[in-house]
Amino acid sequence: MAGQKIQAPKGVSEYAPPRSSAFEFVRESLISPARSAGYQLIELPVFEDTELFTRGVGESTDVVSKEMYTFEDRGGRSITLRPEGTAGVMRAVIEHGLDRGQLPSKLWYSGAFFRAERPQAGRYRQFYQVGIEAIGLDDPAIDAEVIAIADAGFKKIGLTKYRLDITSLGDSESRAAHRVDLVAFIATLDLDEATKSRAALNPLRLFDDKRPEVREAMTNAPLLIDYLNEESRTHFAQVRKYLDALQISYTLNPRMVRGLDYYTGTTFEFVHELLGAQSGIGGGGRYDGLMAELGGQSLSGIGFGLGVDRALLAAEAEGVISAETFVSDLFIIPLGDLAKEKALQVASLLRNQGKTVEIAFGDRALKGAMKGADKSGARYVIVIGDSEISSGTVELKEMKTGATSSVKIDSLLTAL
RNA sequence: GUGGACGUAGCUCAGCUGGUAGAGCACCCGGUUGUGGUCCGGGAUGUCGCGGGUUCGAGCCCCGUCGUUCACCCCA
């Protein structure tokens, strides 16, 4: 009796061949610049104590208030599938004392994250991010370096059609001064109740509203960037100076709003121009109060999260993914049982030397096996049968040109 | 949570005003008993998302339901 077909849960992103190799390429491209800059892997659980996020990310955020996958485990604890990466990293840093050694502590991570949102192009309930965090250093140079690392990842993929928005949210003193004026300004506006209550939670959010009437109303709103105190202003100016030195172009966007409450100071966002409504491919910033908020010492931090799914979408939109990167070096077609043994031996030897080798098992007719070899995209093919075993020599065929050459089986490694 | 669009072979889709299902690609076999890509011939494949209704008759109409997708809110 046939059972009901089971489908993947709504809105998850998953990658099957052949697209999975493109996904792998994109993720690796985003990670490698961080490794090159001395960041080390931190591998964390995908679920955490719910309080980590309510306290760390902030209860006023949409992420926490309505997008978390929260459940009770068998011991009655409230558990949440991580909606973002930074809070978990901070928790682990405190827990393992990574803030006690040489600073900054530089970490990278990669993995799945979860938000219970309505799915849409580029927005999934389970999605993938690569991120880094640099903890315990105020130097504006590291702000620029963090941004440069993200930028390098996108460039490594081959993306060009994106822009970088930056701004500064200043320190708590600057924000408090601005907030007074902003709240007073918003009070003069004629807004609907839902918007008013949103503003009450975090007035900055109104800058992010897409409705034309709200945008219009906000045109003359006081901008936080104009309220930065001397220290914040100097810090931000330094960051920009370093970005200029790195020749990383950016757009100053004082109306940029980030969705998580912990951001302070430098914040940034990478926006791709060929994506749909969900065009942010990465973003981050400083979070100088987060660690203390989570019960650790008062250390500053800066980091980013890059969307692997969206970066892949962007890469596909730009047409920069090449499929040829992932093919085998050699495809072996054995004819007969003895040949299979030989093929297994040869393949294992070559694989140990770093070659990618496939074997056509299953006793297909030679013609069919050759078709298989062709479709696999393998660079070279050899046929092993009785005569090859007795002579110890095979015809090495280069699939692209069709040219063949006689090669001793023992010399295959150098011939490939 | 709100709104729109769509659900037909593995994939992309066609199916005129209701008359009992098709194409392309992919797949398998063959065209020299040991060498692919082109070409030619042949072949398999669907409870037309599901349930109900109207009708002599429904892939086409109606209702419901599930799913997918795009957008809003928000975000990677």
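Naming convention: chains lettered A, B, ... in sequence-line order (proteins, then strands); numbering from 1 in each chain.
Within the nucleic acid shown, R115(A) comes within 4.0 Å of at least one base atom, counting heavy atoms only. Within the nucleic acid shown, A373(A) has no heavy atom closer than 4.0 Å to any nucleic acid atom. Nucleic acid contact for Y124(A): base, since at least one base atom lies under 4.0 Å from a heavy atom of the residue.
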Measure all distances between protein nitrogen or oxygen atoms and nitrogen or oxygen atoms of nucleotides 65-68 of chain B, and list the pairs falling under 3.5 Å.
{"residue": "rU68(B)", "atom": "OP2", "partner": "K10(A)", "partner atom": "NZ", "Å": "3.0"}

For nucleotides 2-13 of chain B, which of its nitrogen or oxygen atoms have a protein nitrogen or oxygen under 3.5 Å away, and what is each distance?
{"residue": "rU2(B)", "atom": "O4", "partner": "R118(A)", "partner atom": "NH1", "Å": "2.5"}

I'd like a table of atom pairs between the protein and nucleotides 27-37 of chain B - only N or O on both sides, under 3.5 Å - with the distance next to each one.
{"residue": "rC27(B)", "atom": "OP1", "partner": "K375(A)", "partner atom": "NZ", "Å": "2.8"}
{"residue": "rC27(B)", "atom": "OP2", "partner": "K375(A)", "partner atom": "NZ", "Å": "3.4"}
{"residue": "rC28(B)", "atom": "OP1", "partner": "R364(A)", "partner atom": "NH2", "Å": "3.2"}
{"residue": "rG34(B)", "atom": "O6", "partner": "S387(A)", "partner atom": "OG", "Å": "3.4"}
{"residue": "rG34(B)", "atom": "N1", "partner": "E388(A)", "partner atom": "OE1", "Å": "3.0"}
{"residue": "rG34(B)", "atom": "N1", "partner": "E388(A)", "partner atom": "OE2", "Å": "3.2"}
{"residue": "rG34(B)", "atom": "N2", "partner": "E388(A)", "partner atom": "OE2", "Å": "2.5"}
{"residue": "rU35(B)", "atom": "O2'", "partner": "K397(A)", "partner atom": "NZ", "Å": "2.9"}
{"residue": "rG36(B)", "atom": "O2'", "partner": "D374(A)", "partner atom": "OD2", "Å": "3.3"}
{"residue": "rG36(B)", "atom": "N7", "partner": "K397(A)", "partner atom": "NZ", "Å": "2.9"}
{"residue": "rG36(B)", "atom": "N1", "partner": "M399(A)", "partner atom": "O", "Å": "2.5"}
{"residue": "rG36(B)", "atom": "N2", "partner": "D374(A)", "partner atom": "OD1", "Å": "2.9"}
{"residue": "rG36(B)", "atom": "N2", "partner": "M399(A)", "partner atom": "O", "Å": "3.1"}
{"residue": "rG36(B)", "atom": "N3", "partner": "D374(A)", "partner atom": "OD1", "Å": "3.3"}
{"residue": "rG37(B)", "atom": "O4'", "partner": "D374(A)", "partner atom": "OD2", "Å": "3.2"}
{"residue": "rG37(B)", "atom": "N2", "partner": "K400(A)", "partner atom": "O", "Å": "3.3"}

Donor-acceptor pairs under 3.5 Å, side chain of residues 272-279 of chain A to any protein atom, not counting sequence neighbours: which ones?
{"residue": "H272(A)", "atom": "ND1", "partner": "L274(A)", "partner atom": "N", "Å": "3.1"}
{"residue": "H272(A)", "atom": "NE2", "partner": "K161(A)", "partner atom": "O", "Å": "3.4"}
{"residue": "H272(A)", "atom": "NE2", "partner": "E318(A)", "partner atom": "OE2", "Å": "2.7"}
{"residue": "Q278(A)", "atom": "NE2", "partner": "Q120(A)", "partner atom": "OE1", "Å": "3.2"}

For residues 85-94 of chain A, dump all side-chain donor-acceptor pairs below 3.5 Å to protein atoms at least two apart in sequence or in another chain.
{"residue": "T86(A)", "atom": "OG1", "partner": "E133(A)", "partner atom": "OE2", "Å": "2.8"}
{"residue": "T86(A)", "atom": "OG1", "partner": "Y262(A)", "partner atom": "OH", "Å": "3.3"}
{"residue": "R91(A)", "atom": "NE", "partner": "E95(A)", "partner atom": "OE1", "Å": "3.1"}
{"residue": "R91(A)", "atom": "NH1", "partner": "E48(A)", "partner atom": "OE1", "Å": "2.8"}
{"residue": "R91(A)", "atom": "NH1", "partner": "E48(A)", "partner atom": "OE2", "Å": "2.5"}

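Between F154(A) and Y162(A), the gap from one ring centroid to the other is short of 6.0 Å. Here the two rings, on F270(A) and F304(A), have centers that are 6.0 Å apart or farther.
We find the CD1-CD1 distance between I142(A) and I149(A) to be 7.5 Å, quoted to the nearest 0.5 Å. How far OG1 of T80(A) is from CG of L52(A): 9.0 Å, rounded to the nearest 0.5 Å. The CE atom of M399(A) lies 13.0 Å from the CZ atom of R379(A); values are rounded to the nearest 0.5 Å. Note that the CZ atom of R310(A) and the CD atom of Q129(A) stand 9.0 Å from one another [nearest 0.5 Å]. Interatomic distance, CD of E67(A) versus CZ of R125(A), reported as 10.5 Å (0.5 Å rounding). Note that CG of L306(A) and CD1 of I157(A) are 8.5 Å apart. Values are rounded to the nearest 0.5 Å.
Non-hydrogen atoms lying under 4.0 Å from RNA chain B are contributed by nothing in residues 343-351 of chain A. Within residues 79-92 of chain A, no residue is approached by RNA chain B to less than 4.0 Å at the level of any non-hydrogen atom. For RNA chain B, the residues of residues 273-288 of chain A within the heavy-atom distance limit of 4.0 Å (strictly under) are G276(A), A277(A), Q278(A), G280(A), I281(A), G282(A), sorted by number.
One interatomic measurement links the two molecules: CZ of F207(A) to P of rC75(B), which rounds to 15 Å at whole-angstrom precision. Taking atom CD on E269(A) and atom P on rC75(B), their separation rounds to 9 Å, with Å as the unit. Atom OH in Y128(A) sits about 18 Å away from atom C1' in rC75(B), given to the nearest Å.
Here the shortest heavy-atom pairing between R351(A) and V357(A) reads NH2-O, 2.9 Å. Smallest separation of non-hydrogen atoms from R179(A) and A200(A): NH2-O, 3.7 Å.
Here F127(A) packs flat against the base of rA76(B); its ring centre is closer than 5.5 angstrom to the base's six-membered ring, tilted by less than 30 degrees.
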query = Does the pair R35(A) and E28(A) meet the rule for a salt bridge (charged side-chain N to carboxylate O under 4.0 Å, His left out), with working shown?
reply = CA-CA 10 Å; R35(A) 282 206 200 90; E28(A) 189 51 37; 2.8 Å; yes
task = I would like to know whether T266(A) and I166(A) meet side chain to side chain contact (heavy atoms under 4.5 Å, CB included); could you show each step before the answer?
result = CA-CA 7 Å; T266(A) 311; I166(A) 66 168; 5.6 Å; no
query = Are D410(A) and K408(A) close enough, and set up right, to give a salt bridge (charged side-chain N to carboxylate O under 4.0 Å, His left out), and what steps lead you there?
reply = CA-CA 5 Å; D410(A) 298 336; K408(A) 290 267 182 212; over 6 Å; no
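In the displayed structure, E395(A) atom CD is contacted under 6.0 Å by more than 12 heavy atoms of other residues, nucleotides or ligands. Counting heavy-atom neighbours within 6.0 Å of F47(A) CZ, excluding the residue itself, gives a total of 12 or less.
In summary, the side chains of S300(A) and D138(A) do present a donor paired with an acceptor at a separation below 3.5 Å, with no hydrogens or angles considered.
H235(A) meets the ring pair (Phe, Tyr, Trp, His ring centres under 6.0 Å) test with no other residue; sequence neighbours excluded. By the salt bridge (Lys or Arg N to Asp or Glu O under 4.0 Å) test, K66(A) pairs with D62(A), sequence neighbours left out.
In this structure, D261(A) pairs ionically with R205(A), as a charged nitrogen and a carboxylate oxygen lie closer than 4.0 Å.
The side chain to side chain contact (heavy atoms under 4.5 Å, CB included) test with V394(A) is passed by exactly one of I382(A), V381(A), V346(A): I382(A). The only option from E14(A), E316(A), E24(A) that meets the salt bridge (charged side-chain N to carboxylate O under 4.0 Å, His left out) definition with R19(A) turns out to be E316(A).
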remark   = Going 5' to 3' through nucleotides 41-49 of chain B and flagging B where a protein heavy-atom sits under 4.0 Å of the base, S where only the sugar-phosphate is that close, and - otherwise, we get ---------
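Residues L306(A) and P119(A) each lie close to RNA chain B; by heavy-atom proximity, the contact nearer the 5' end of the strand is made by P119(A).
Between R310(A) and the phosphate of rC75(B), there is no side-chain N or O to OP1/OP2 separation shorter than 4.0 Å. For Q120(A) and rA71(B), the shortest distance from a side-chain N or O to OP1 or OP2 is below 4.0 Å.
Between Y128(A) and F23(A), the ring planes lie perpendicular to each other; the angle is over 60°, past the 30° to 60° tilted range.
In RNA chain B, runs of at least 3 consecutive Watson-Crick or G-U pairs, each pair with both distances below 3.5 Å, span B:1-7 with B:66-72, B:10-13 with B:22-25, B:27-31 with B:39-43, B:49-53 with B:61-65.
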